[in-house]
Colleague: 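Submitted below is the structure of interest, expressed as structure tokens.
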Amino acid sequence: MDVELLEIRQHMGRFPPFDRISDDLLDEVAGQVEVAYYKAGTPILELDQPIERLCYVRSGAVEVYRRSGTLFDRLGEGDVFGHFSLLRNHRVRFPATALEDSLIYFIPETAFWRLCESDDQFADFVELGRPRLEAAVEEQRKNNEMMVTRVRKLLTRAPQMVESTVSVQQAAQRITASQASAVLVVDAAVADPRYTYTDREGQQWQVRGILTDSDFRTRVVAEGRSPDTPVGEVVGDRLIAIQSDESVYEAMLCMLRNNVHHLPVVHRRRPVGIVHLSDIIRYETQSSLYLVDSIFNQPTPVGLARLLPDVRAALVRMVNDGADSRMIGSALSTIGRSFTRRLLELAEQVLGPPPVPYCFMVMGSMARDEQTIVSDQDNALVLSDDFDPDSHDAYFEALARYVSDGLAACGYSYCKGDIMATNPRWRQPLSQWKAYFRNWIDEPTPERLLHSSIFFDLDAVYGENRFVEALQDLVAERAKGNERFLAAMARNALNRTPPLGFFRNFVMEHDGRHNNSINLKRRGTAPLVDLIRVHALACGARAQNSFDRLDQIGRTQLLGPGVADRLRYALEFLTMSRIRHQVIDLEQEREPDNNIEPENVPDSERHNLKEAFQALSNAQKFLKFRYPAPTRGR
Amino acid sequence: MRGRWRSHSRSGANQWGPYIAARAAGSRVPALARYYGAGLPSADTPIGEVSFLALDIETTGLDEARHAIVSVGVVPFDLDRIRLADRHYWVVHPPRALSSLSVTFHHITHTDIENAPDFVEVLPSLLEAMAGRVVVVHYRNIERSFLDAAAKARVGEHLLFPVVDTMAIEAHRHRLSLWARFRRWLGHPPVSIRLNDSRQRYGLPVYQGHHALVDALATAELFQAQVATHLRRDMPVGRLWS
């Protein structure tokens, strides 16, 4: 190492991407640097001028502009610029001017290409290969054990199987003898070829269902059946199973969703084993699954509220274990739904059975399976059309109050916009709900939709799911192709814009203003979710989760090639940043919020956040263009 | 202050032309004859068109009669770019013993010195780097007197050439201007014109000093900053050198 280059290489070595490259390469690059001083206000790169070098800010500050003259970026010490132009046609695309007196290092093109060739990190950084954001998200995914471990790894032996004609007593003896806790019930195959498989002897079988320890109590003994009853008569008719190559995480979700403790594992159609809750818990101690179980065991709302520290601890654990935003969003939503369901069960115990059928509906992040630890409650009641306000509403008002207060005690604060079932407007029979949606969709104005866009993420939590499914059908059918509605939704989706990025310890706005902190929900995830919703409505997608929506949008021609993926990576990164900062808050015993302060953002995250903001900003521009307000109203 | 720059060298900037021509014709040392033969830009060349060479030497002390050069660093540059790839750095073996004080001062060890060549072996390469370029230093008295003394002692001829002195430019701004004299009259202490202090006034980063090449680079950056701040690119180089 040349001592004479120390000043240069030590400085570069502190900043990405140079902090990741080898000492030898860094020496070589430092030795070829050219240096120039620019007085504040003087141009460094001028539009269309030939460019052969990568620029590095050694000291001072630089502003980079778009062709149109609008601010593209503001750079400080250790930032690079000019790589876009180097990678394209060697003409300056983004002119740059010294904002302060600046010392610039120019890295020759040969050194630049050597860096790109010999170092993937560097190539990613200048977006030569994959976009940096994609690389960052994929890197994180690779590090998550639970996502990559297949459920078959948890299996220790083949499942016990009995024919449906065997008596429950014999089945119980088989279970006992094999020290298992469940048995699969099979039939000689005839009926449904979807579930048949062929065993080693070439005989066709079909799995009917699973019989567990607790089934012997609930379905045999409690119901007073004889030990001679064939198992085929007591086995349930719904089989929930999982493919052996699914992840442990997927198995956990499947158990959470269905509230079951045993899960048959199949390879194609052949059963290869049974996983039990305890297998997963052993694998992932103190998982959120365990938490859900204890939610359903709480006898009072007070007991539920005491679980709040456990919910927070589960989040911290998931983040530290490298879970991605979908795992966290779906686990927290499942927890939220479980709280809601348990509160409804408790409410019905107190208030008695409902006078008419109802469905408890949630909106917003819980409906999208994207909840975070900082969450309002957004809910409503969809009642049967037999609802009679005079004789029934007192019951539902009390029910709504019980659940809403209970949720608030569990950390889900009251909705500031009063979108809760306690508000009589949002406690209506199905026909009225249909009228609401028809009205929003058919007579849209941005003002009217401003506060109701949250209703376009909707899901059933408890009760008559079909009520909410009917509303989901209505939305999917009516919204598609309705230009005025989509234009109004699109306009509202542009109300909140992302910042430009960071500059030193400030958040940089597009007009050059600085802020001390940024609300990552308001300026990042929320507008991104809003615009994904508009596209989803436009193509009649029925998914509520933003990633699922992007999958469905990606199958249409609505967005250009690769755009859905870019939005996916941007959403993943923004959501994870938000969650990680909430975990930092929790670990430092502060109340978590959605704000991040630039000084807490490491350099690598800054660059990725900037790219995510950029993806959002571009997508917003496209949205405006794709769903213009119709010139003539009908 | 643009355009109000006045040369502090009253002795007439044009005297260097005839001197260089005479040495080119009269030198008996081939390396010196080649250096002077390459010539220098004429005194009326605008500084924006001149090739410069930032030069710094480290010595065992301040008196050229008693102390010696231990290292030389040069970096070629112009007003647009400093070309670090074309830098040179030489450690030379002083004829006199190193004091322990100067060892820590220069980050050069006894082993470095023991294996180093004598100045006479470095001189041709140094002159080649200087050929056709105007030398820029910070505090001309050291570089000029030590290089001249070393050449005289080794090859029996003088090594004299015009230099631009970044410290003199700072002195002119901060010590000799009407404003500076006014400040002094008010009792303010004089502004420091040392290399690192001067650099900080232009927002240039602090470098670890006392390495000949790092100081040469620091001097080149300072000169670019001085020109960008106070001078015009069309100023004749003869008004800056002495």
Side-chain angles (χ1 to χ4, degrees), chain A residues 1-12 14-15 26-46 49-62 76-78 82 97-112 114, chain B residues 2 52 54 56 58 71-91 106-109 112 166 195-196 198-233:
Chain A
M1 186 184 70
D2 287 339
V3 181
E4 60 202 65
L5 295 171
L6 212 58
E7 287 291 347
I8 292 169
R9 58 156 296 167
Q10 269 187 348
H11 193 267
M12 295 177 89
R14 275 171 37 217
F15 294 92
L26 194 56
D27 266 345
E28 194 183 318
V29 171
Q32 295 182 52
V33 151
E34 288 189 359
V35 186
Y37 180 88
Y38 293 89
K39 199 78 198 144
T42 48
I44 299 170
L45 298 177
E46 292 185 84
Q49 143 200 353
I51 177 170
E52 272 135 26
R53 284 169 181 257
L54 180 69
C55 310
Y56 174 92
V57 183
R58 172 61 176 82
S59 64
V62 170
E77 194 176 329
T97 298
L99 178 69
E100 299 168 0
D101 296 346
S102 301
L103 194 64
I104 306 296
Y105 290 166
F106 294 87
I107 297 162
E109 193 184 11
T110 46
F112 173 73
R114 282 230 30 212
Chain B
R2 281 191 180 186
F52 292 100
D56 186 76
E58 300 296 323
S71 64
V72 184
V74 295
V75 184
F77 74 103
D78 54 35
L79 291 189
D80 296 319
R81 295 292 173 87
I82 299 164
R83 301 182 200 287
L84 208 57
D86 299 328
R87 71 195 180 277
H88 291 284
Y89 175 67
W90 301 277
V91 176
H106 300 287
H107 310 285
I108 296 169
T109 64
D112 289 339
T166 51
L195 183 54
N196 258 329
S198 301
R199 286 169 57 83
Q200 283 182 331
R201 281 194 286 277
Y202 298 92
L204 287 166
V206 174
Y207 288 163
Q208 298 299 318
H210 306 304
H211 182 287
L213 191 101
V214 176
D215 281 357
L217 172 64
T219 303
E221 290 171 0
L222 175 60
F223 183 61
Q224 281 194 342
Q226 288 173 330
V227 172
T229 311
H230 312 301
L231 307 178
R232 296 166 54 109
R233 292 173 72 100

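All heavy atoms count here, side chains included; hydrogens, waters and symmetry mates do not. Sequence lines set the chain letters: A, B, ... in the order given, protein chains first and strands last, and positions in each chain run from 1.
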Colleague: Mind checking the CD1-CG spacing from A:Ile8 to B:Leu217? Nearest 0.5 Å is all I need.
Modeller: 5.5 Å

Colleague: OG/A:Ser59 to CZ/B:Arg199 distance, rounded to the nearest 0.5 angstrom?
Modeller: 8.0 Å

Colleague: Judged by atom type as modelled, is there a donor-acceptor pair below 3.5 Å linking the side chain of B:Arg81 to the main-chain atoms of A:Phe106?
Modeller: no

Colleague: Starting at CD of A:Gln10, measure out to OH of B:Tyr207 and round the result to the nearest 0.5 Å.
Modeller: 12.0 Å

Colleague: Is the backbone of A:Tyr37 close enough, under 3.5 Å, to the side chain of B:Gln224 for a donor and an acceptor to pair up by distance?
Modeller: yes

Colleague: For chain A, find which of B:Ala85, B:Gly73, B:Ala220, B:Ala225 contributes the most heavy-atom pairs closer than 4.5 angstrom.
Modeller: B:Ala225

Colleague: List the atom of A:Leu103, the atom of B:Pro205, and the distance in Å for their closest heavy-atom pair.
Modeller: CD2-CD, 3.8 Å

Colleague: If you tally heavy-atom pairs under 4.5 Å against chain B, which of A:Val33, A:Thr42, A:Val35 wins?
Modeller: A:Val35

Colleague: Shortest non-hydrogen contact from B:Thr229 to A:Lys39?
Modeller: OG1-NZ, 3.1 Å

Colleague: Less than 4.5 Å to any heavy atom of chain B: does that hold for the side chain of A:Ala40, its backbone, both, or neither?
Modeller: neither

